[in-house]
Amino acid sequence: MIDLKLLREDPDAFDRGWALRGLPAQAAGLLEQDVALRALKTRLQEAQNERNAASKQIGKAKASGDEAAAQAVIERVSALKAEIQQGEEEERQLAEALDLALASLPNIPAADVPDGADENDNVEIGRTGDPRNFAFDPKEHFDLGEDLGQMDFETAAAMSGSRFVALKGQLARLERAIAQFMLNLHTDEFGYEEVAPPFLVRDEAVFGTAQLPKFTEDLFRTENGYWLIPTAEVSLTNMVRQAILSEAELPLRMTAYTPCFRSEAGSAGRDTRGMIRLHQFSKVELVSITTPDQGEAELDRMTECAQTVLKRLELPFRTMKLCSGDMGFSARRTYDLEVWLPGQNAYREISSCSWCGDFQARRMKARFKPNEGKGNQFVHTLNGSGLAVGRTLVAILENYQQENGTIAVPDVLKPYMGGVEEIVARG
RNA sequence: GGAGGGGUGGCCGAGUGGUUUAAGGCGCACGCCUGGAAAGCGUGUUUACCGAAAGGUAUCGAGGGUUCGAAUCCCUUCCCCUCCGCCA
């Protein structure tokens, strides 16, 4: 949610920001609604003031037994009543319309975010690790997994439809090992607190992180009104919903390993084979809650935490700074990590780290009490994947495949694999 | 699923139709006092909007209603809690 006060001060800056995201100018229309609402409030207040003063006179008149005087004022006040009621109704409608408009507008990109329309305009800012030279034609992960007899799309489809998978045996264990490794890294070395959060949440939570009101079609919903989290960003960020934190306890860093549920509406036909795009996948998420002055630096730190996972797994990747048109709704700045997939001969997104400023905090009413000065301020929120577990498994299969179709287990995962050094076909 | 009890400011908590401001406490801020501190005393302390200011208006989970006037009465709804039942 953008700050209406800032919008009043510099409407052009907001229009420029929205233009970067391909939106038409909004500020004038919003300010018009704002002015109308405040003018109405003022009129309403004047009428209420008059009514209150008159009501007090009635009380006094009745106390002194002057029924006639009381009756005269009562008649005058009743006339005000209709006017006030109508004004209140009008005010409610105007406020609702303005709130919805504000809630439906995305965050303003930071100044350094490259201007661009879509992912083709993202800017590569670094590569880490060299893609391996294969002496044979590297396969895609789904061929590898199916040949190993441990990645079963057909059985999953039979019970759940397309975009589901069942992992078995050592691949199922590998997924667990990946998640364990990531969680241990983020908690033991980077100071994130592990959280096991709810996977079903209410409207307010999803509004807080801004999937609502605009992106309902991307989410699954239960019949009694719960939303299945599309990412643990929702659960973790809402840990501080409505909170007033003390500055001393910031930054708060939380991590969680959760399933993520996405309807993938609008992505029909894309990545239909394999595990790249599923309705359900698991992810280790990172969320930081900071003071405003720490927000930007925290994004760099968080991105490095995510990069470290790939480095330890010795997976080649590149780091992208997202352009304005490709950033998520809440973000001011986003870095994507794209892992090299030799089977696809392409870099594919495996992490996305975003700094949201106070955009989500304002929606959640997440504040902190500063050490110096008075008044509570909104915190900054950040979220990032550290990493998408399913896609990490894909990357390991493709990068660690051997000519005979077996998969070498990355060194850092061996402690989690119970002595297994190589994943082989089931006997 | 059954039966109850509740939602009041940063926090706790009083308040079942009126006659300046939602009592009181805690916390916090400032001041007085002190060699310094504690204690004590005093002042202030939701948010939004209008106003140069003084001040005003709204805000007691949300939305309707009754009334000249609602935190208070009525209706609807959301949320939290307790007990019972069922259950990993």
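Since we're looking at a predicted model, the values are computed, not measured. Throughout, a chain's letter reflects where its sequence line sits, starting with A, and its residues are numbered from 1.
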Nearest-angstrom distance, P atom, rU19(B) to rG56(B): 16 Å

Please identify each residue that fulfils salt bridge (Lys or Arg N to Asp or Glu O under 4.0 Å) with Lys41(A), with sequence neighbours left out. none

Considering every strand shown, what is the Watson-Crick or G-U wobble mate of rA39(B) when both distances are under 3.5 Å? none

Pairwise C1' distance for rC81(B) and rA70(B), with rounding to whole Å: 27 Å

Among all residues two or more places apart in sequence or in another chain, which pass the ring-ring contact (aromatic ring centres under 6.0 Å, His included) test with Phe181(A)? none

Length of the line joining Arg43(A):CZ and rA58(B):C1', which is rounded to integer Å: 16 Å

Electrostatic pair Arg16(A)-Asp12(A), nearest N-O below 4.0 angstrom: no

Which residues satisfy the side chain to side chain donor-acceptor pair (under 3.5 Å) test with Thr209(A), sequence neighbours excluded? Gln211(A)

Would you call the rings of Tyr192(A) and His186(A) parallel, tilted or perpendicular if under 30° counts as parallel and over 60° as perpendicular? perpendicular

Considering every strand shown, what is the Watson-Crick or G-U wobble mate of rA3(B) when both distances are under 3.5 Å? rU82(B)

Results of ring-ring contact (aromatic ring centres under 6.0 Å, His included) for Phe359(A) - residues two or more places apart only: Phe329(A)

Distances under 3.5 Å between protein N/O atoms and the N/O atoms of nucleotides 45-52 of chain B, please, pair by pair.
unit_1	atom_1	unit_2	atom_2	d
rA48(B)	OP1	Lys5(A)	NZ	3.3
rC49(B)	OP1	Arg8(A)	NH1	3.2
rC49(B)	O2	Gln45(A)	NE2	2.8
rC50(B)	OP1	Arg38(A)	NE	3.4
rC50(B)	OP1	Arg38(A)	NH1	2.5

Nearest whole Å is fine: how far is rG9(B) C1' from Gln242(A) CD? 14 Å

Scan the side chains in residues 93-105 of chain A for donor-acceptor partners under 3.5 Å anywhere in the protein, sequence neighbours excluded, and list what turns up.
unit_1	atom_1	unit_2	atom_2	d
Gln93(A)	NE2	Glu89(A)	OE2	2.8
Glu96(A)	OE2	Arg92(A)	NH1	3.1
Ser104(A)	OG	Leu100(A)	O	2.7

G-U wobble or Watson-Crick pairing nucleotide for rU67(B) (cut-off 3.5 Å, both distances): none

Whole-Å C1' distance, rU45(B) and rC50(B): 23 Å

Applied to residues 183-196 of chain A, the salt bridge (Lys or Arg N to Asp or Glu O under 4.0 Å) test, sequence neighbours excluded, yields Glu189(A)-Arg312(A)

Give the table of side-chain donor-acceptor pairs shorter than 3.5 Å for residues 292-305 of chain A, with sequence neighbours excluded, one pair per line with atom names and distance.
unit_1	atom_1	unit_2	atom_2	d
Asp293(A)	OD1	Thr291(A)	OG1	2.8
Gln294(A)	OE1	Thr291(A)	N	3.4
Gln294(A)	OE1	Thr291(A)	OG1	3.0
Glu296(A)	OE1	Arg333(A)	NH1	3.2
Glu296(A)	OE1	Arg333(A)	NH2	2.9
Glu298(A)	OE1	Arg253(A)	NH2	2.8
Glu298(A)	OE2	Arg253(A)	NE	2.7
Glu298(A)	OE2	Ser288(A)	OG	2.6
Arg301(A)	NH1	Phe190(A)	O	3.4
Arg301(A)	NH2	Phe190(A)	O	2.9
Thr303(A)	OG1	Leu299(A)	O	2.7

For nucleotides 78-81 of chain B, give me every protein contact, N/O to N/O, under 3.5 Å, one pair per line with atom names.
unit_1	atom_1	unit_2	atom_2	d
rC79(B)	O3'	Arg202(A)	NH1	3.4
rC79(B)	O3'	Arg202(A)	NH2	2.8
rC80(B)	OP1	Arg202(A)	NH1	3.4
rC80(B)	OP1	Arg202(A)	NH2	3.3

C1' spacing across the pair rU21(B) / rG15(B), given as an integer number of angstrom: 16 Å

Strand partner of rG24(B), provided both Watson-Crick or wobble distances fall under 3.5 Å: rC12(B)

When you compare the protein's N or O atoms with those of nucleotides 60-67 of chain B, which come within less than 3.5 Å of each other, and at what distance?
unit_1	atom_1	unit_2	atom_2	d
rG64(B)	OP1	Arg92(A)	NE	3.0

Between rU43(B) and rA52(B), how far is it from one C1' atom to the other, in whole Å? 25 Å

Contacts of type ring-ring contact (aromatic ring centres under 6.0 Å, His included), residue Trp227(A), not counting sequence neighbours: none

Salt-bridge present (Asp218(A), Arg262(A); N to O < 4.0 Å): no

Between rA22(B) and rU72(B), how far apart are the P atoms? Round to whole Å, please. 14 Å

Considering only atom C1', compute the distance from rG17(B) to rG69(B) and round it to an integer number of Å. 8 Å

Test salt bridge (Lys or Arg N to Asp or Glu O under 4.0 Å) applied to Glu338(A) - qualifying residues, sequence neighbours left out: Arg318(A)

Could you identify the nucleotide paired to rU19(B), looking across every strand shown and requiring Watson-Crick or G-U wobble geometry with both distances under 3.5 Å? none

Determine the Euclidean distance between corresponding P atoms of rG10(B) and rA48(B); express it in Å to zero decimal places. 11 Å

